[in-house]
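These notes concern the structure reproduced below.
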Amino acid sequence: MSLQPTTTVARIAGYVGETVTLAGWVYHKTGKGKLVFLLLRDGSGTIQCVIFKKQVSEATFALAQQLGQEAACRVTGSVRADERAPGGFELDVHELELVGPSVEYPISPKEHGVEFLMEHRHLWVRSARQHALLRVRAEVIAAAQEWLNEQGFIRFDSPILTATAAEGTSNLFATDYFDLGKAYLAQTGQLYVEAGMMAFGKVYCFGPTFRAEKSKTRRHLTEFWMIEPEVAFADHEDNLVLQEQFVSAIVQRVLERRAADLDVLERDTTVLKRCVPPFPRISYDDALALINAHQGEVEGATPVPWGEDFGAPHEQLIASQFDRPVFVERYPSAIKAFYMEPDPARPEVALCADLLAPEGYGEIIGGSQRIHDPELLERRINEHGLDVADYRWYLDLRRYGTVPHSGFGMGIERAVAWITGTRHIRETIPFPRMLYRIYP
RNA sequence: UCCCCGAUAGCUCAACGGUAGAGCGGCUGACUGUUAAUCAGUAGGUUCGUGGUUCGAAUCCACGUCGGGGAGCCA
């Protein structure tokens with residue numbers, strides 16, 4: 001005998017007039033003396049089930065009355081289209097089986113504070129809004145990978161345990177690695193996908209990334225997921241075109257396939273619909289001028305002297321001037337990672353770009369053309385105070401058939417936060433890891 | 001690391017120097033169309049901790065703990 005239900009709520013429309021068994025959890029229950037309404041959630045959706053006292057045994061009715069919120073059960077009944085029911089379909093219950101009881105479920109349909117919800121994240125993921133958010137996340141991930149696969153990329157995963165800091169700047173989580181000393185949780189897979197790119201031409205890695213920075217904002221997690229494509233024989237221009245096509249394809253697919261979820265999230269989709277290539281581009285130099293022209297419009301967006309990096313308020317100001325994602329390109333090399341290719345026309349700036357999402361969501365992509373000349377790369381490693389010995393293998397990539405190449409990294413959670421219009425990044429991942437939270 | 005804010009019933013909050021309260025949730029009962037049902041009843045408190053000021057502290061002060069928001073840094 002199988003425990004599997006006849007069908008799922010999502011497919012219920014095809015079963016009108018038939019008797020089916022559904023299996024799920026009690027999302028909500030209400031009643032009226034001689035009838036009980038159960039809102040049953042099975043993962044694919046929710047459906048109202050009605051239990052009339054006259055139509056079931058006394059024991060079944062008593063059971064229905066005492067079901068707690070989130071009790072697991074199997075219900076058998078006939079499917080009926082009914083305008084009075086949320087969702088349009090209703091199940092007239094003949095039989096009800098309790099699979100797993102639930103008593104005093106902590107999360108009620110009423111309001112709750114952030115701290116309480118985060119403490120109950122393992123249960124919070126059952127609620128409608130979180131469902132919609134995490135379904136969009138899954139869609140974004142699937143869309144990203146499938147689009148890259150169609151473009152001829154192969155997934156080439158990078159290690160999570162690494163021996164040294166890839167970019168040398170941020171803080172890293174350290175752990176003991178047997179007799180070999182410290183190992184660090186990867187803050188990017190980029191250096192490794194460069195090795196893959198030389199092997200396969202077009203590759204990407206996708207996995208968790210770790211930053212031990214004490215960031216305490218709604219845009220930061222200590223553990224987040226990043227997808228990092230890397231392409232051989234690709235310059236800065238190729239890179240930007242790839243990025244705008246990539247982001248647009250993901251957004252358009254979410255609009256197509258997850259419209260119901262965006263609706264639950266009350267997302268204004270007009271901004272998303274505008275997300276088609278080409279994306280506007282602004283140089284670092286022009287961005288400085290823009291900041292000067294609009295300072296005061298965003299709090300904290302004070303003028304920036306040439307050579308200094310933007311802060312969060314500046315990024316917000318720049319993004320607010322455009323109606324779709326905007327590339328900010330060619331930052332001063334001195335404030336960027338050591339591996340970025342200098343602009344041949346202006347060696348003091350790098351062939352790099354950040355993609356800023358509209359509506360104040362900030363940077364969702366960072367990318368660049370990489371240095372392919374071995375001597376220049378070695379010089380940069382030294383200039384950044386890094387140990388060349390740690391980068392022997394990385395320099396090897398330039399010794400044996402080096403080619404101009406480019407790549408970028410997209411933060412999944414930031415992208416999902418923007419696409420769904422979610423204020424805080426913590427809701428876009430099942431179990432967020434933050435400065436003051438590692439439970440549950 | 002720095003700045004700002006918060007902690008009172010299971011949850012969301014009120015009381016702001018003078019008897020600790022409401023709504024929801026729980027429990028009991030009524031109700032054949034509920035959508036966060038409604039109505040009646042009922043239980044539920046070390047007001048985060050420690051110290052201080054005061055005749056009197058949930059309330060004022062100090063320190064601590066936990067959490068929230070922001071800066072820097074980044075995706």
Side-chain angles (χ1 to χ4, degrees), chain A residues 27-39 46-55 61 65-66 68-69 80 82-88 90 92 103-120 123 127-128 167-172 187-190 208-228 243 299-302 308-316 335-337 354-357 361-367 408-418 423-426 428-429 434-437 439:
Chain A
Y27 194 69
H28 184 247
K29 186 188 76 178
T30 182
K32 200 83 195 275
K34 286 173 184 160
L35 77 171
V36 172
F37 297 104
L38 288 185
L39 197 57
T46 57
I47 187 170
Q48 178 161 284
C49 306
V50 200
I51 298 128
F52 288 96
K53 191 170 188 177
K54 275 187 183 169
Q55 293 174 10
F61 192 75
Q65 281 186 310
Q66 63 173 304
Q69 192 186 347
R80 181 161 47 75
D82 192 321
E83 285 181 4
R84 293 171 297 183
E90 196 168 76
D92 265 326
V103 180
E104 290 187 42
Y105 184 70
I107 302 177
S108 69
K110 287 272 187 174
E111 293 169 65
H112 294 286
V114 170
E115 187 181 352
F116 177 82
L117 289 169
M118 288 308 301
E119 198 68 16
H120 295 84
L123 302 177
S127 61
E167 297 178 1
T169 51
S170 310
N171 296 321
L172 301 171
Q187 59 185 337
T188 171
Q190 190 216 305
T209 304
F210 306 87
R211 305 273 164 96
E213 292 154 356
K214 295 198 170 179
S215 299
K216 202 167 159 12
T217 80
R218 63 174 185 270
R219 300 182 307 281
H220 288 88
L221 297 169
T222 54
E223 178 183 306
F224 64 96
W225 288 64
M226 188 154 64
I227 190 158
E228 298 177 87
Q243 288 174 48
E299 199 183 334
T302 50
E308 277 185 28
D309 207 352
F310 303 136
H314 303 108
E315 286 188 355
Q316 203 185 319
I335 54 170
K336 286 292 177 180
D354 288 347
L355 184 66
L356 307 183
Y361 285 93
E363 185 182 346
I364 56 173
I365 284 181
F408 63 94
M410 183 179 82
I412 294 293
E413 291 77 16
R414 284 191 182 175
V416 173
W418 164 57
R423 184 173 159 75
H424 203 300
I425 199 173
R426 68 186 156 215
T428 64
I429 185 169
M434 294 174 292
L435 185 53
Y436 294 124
R437 180 159 299 282
Y439 175 95

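Numbered from 1 within each chain, the chains take letters A, B, ... in sequence-line order. Predicted model, so just to flag it, every value in this text is computed and none were measured.
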Hey, is the side chain of [X] poking within less than 4.0 Å of OP1 or OP2 on [N], counting only N and O atoms?
X      : N     : result
A/R426 : B/G69 : yes
A/R211 : B/G72 : no
A/H424 : B/G69 : yes

For [N], give the paired nucleotide (Watson-Crick: N1-N3 plus N6-O4 or O6-N4; G-U: N1-O2 and O6-N3; both under 3.5 Å), or none.
N     : value
B/A7  : B/U65
B/G26 : B/U42
B/U1  : B/A71
B/A36 : none
B/A20 : none
B/G56 : none

Which of these nucleotides, [options], is closest to any side-chain atom of [X]?
X      : options             : value
A/L35  : B/U32, B/G26, B/C74 : B/U32
A/R423 : B/C74, B/G72, B/G69 : B/G69
A/D309 : B/U32, B/G69, B/C74 : B/C74
A/V114 : B/A75, B/G68, B/G33 : B/G68
A/P109 : B/A36, B/C74, B/G33 : B/A36

Within the structure shown, what part of the strands sits under 4.0 Å from [X] by heavy-atom distance: base, sugar-phosphate, or nothing?
X      : value
A/Y436 : sugar-phosphate
A/K53  : nothing
A/L221 : base
A/D354 : nothing
A/G311 : sugar-phosphate
A/Q48  : base
A/A415 : nothing
A/F116 : sugar-phosphate
A/E90  : base

Given side chains that start at C-beta, do those of A/K34 and A/F52 come closer than 4.5 Å, heavy atoms only?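 Side chain of A/K34 against side chain of A/F52, heavy atoms only: no contact under 4.5 Å found.
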Is any side-chain heavy atom of A/H314 closer than 4.5 Å to one of A/T302? yes
Nearest-angstrom distance from the residue atom [atom1] of [X] to [atom2] of [N]:
X      : N     : atom1 : atom2 : answer
A/M118 : B/C11 : CE    : P     : 17 Å
A/E119 : B/C66 : CD    : P     : 13 Å
A/E363 : B/C74 : CD    : C1'   : 7 Å
A/I51  : B/U34 : CD1   : P     : 16 Å

Distance, [atom1] atom - from [M] to [N], rounded to whole angstrom:
N     : M     : atom1 : result
B/U47 : B/G41 : C1'   : 27 Å
B/A36 : B/C16 : P     : 34 Å
B/A30 : B/G67 : C1'   : 43 Å
B/C48 : B/U28 : P     : 32 Å
B/A15 : B/A7  : P     : 11 Å
B/U8  : B/C13 : P     : 9 Å
B/C4  : B/G72 : C1'   : 16 Å
B/A58 : B/A9  : C1'   : 14 Å

Once hydrogens and angles are ignored, does a donor-acceptor distance under 3.5 Å link the base of [N] to the side chain of [X]?
X      : N     : result
A/H220 : B/C74 : yes
A/K214 : B/G72 : no
A/R414 : B/C74 : yes
A/T30  : B/G33 : no

Would you say [X]'s side chain and [Y]'s backbone share a donor-acceptor pair under 3.5 angstrom?
X      : Y      : value
A/H220 : A/M434 : no
A/R414 : A/Y361 : no
A/Q190 : A/G367 : no
A/S215 : A/T217 : no
A/E413 : A/R426 : no

If you draw a 6.0 Å radius around CD in A/E111, do more than 12 non-hydrogen atoms from other residues or ligands fall strictly inside?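 Counting neighbours around CD of A/E111, 12 or fewer heavy atoms of other residues, nucleotides or ligands fall under 6.0 Å, so no.
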With RNA chain B as reference, determine whether A/S108 or A/K32 sits nearer its 5' end, using the nearest nucleotide of each.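 In this pair, the answer is A/S108.
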RNA chain B nearest-nucleotide lookup for A/G113 and A/R80: closer to the 5′ end is A/G113
Please give me the minimum heavy-atom distance between A/A301 and A/P313, naming the atom from each residue.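 Smallest interatomic distance, heavy atoms only, reads N-CB, 3.8 Å.
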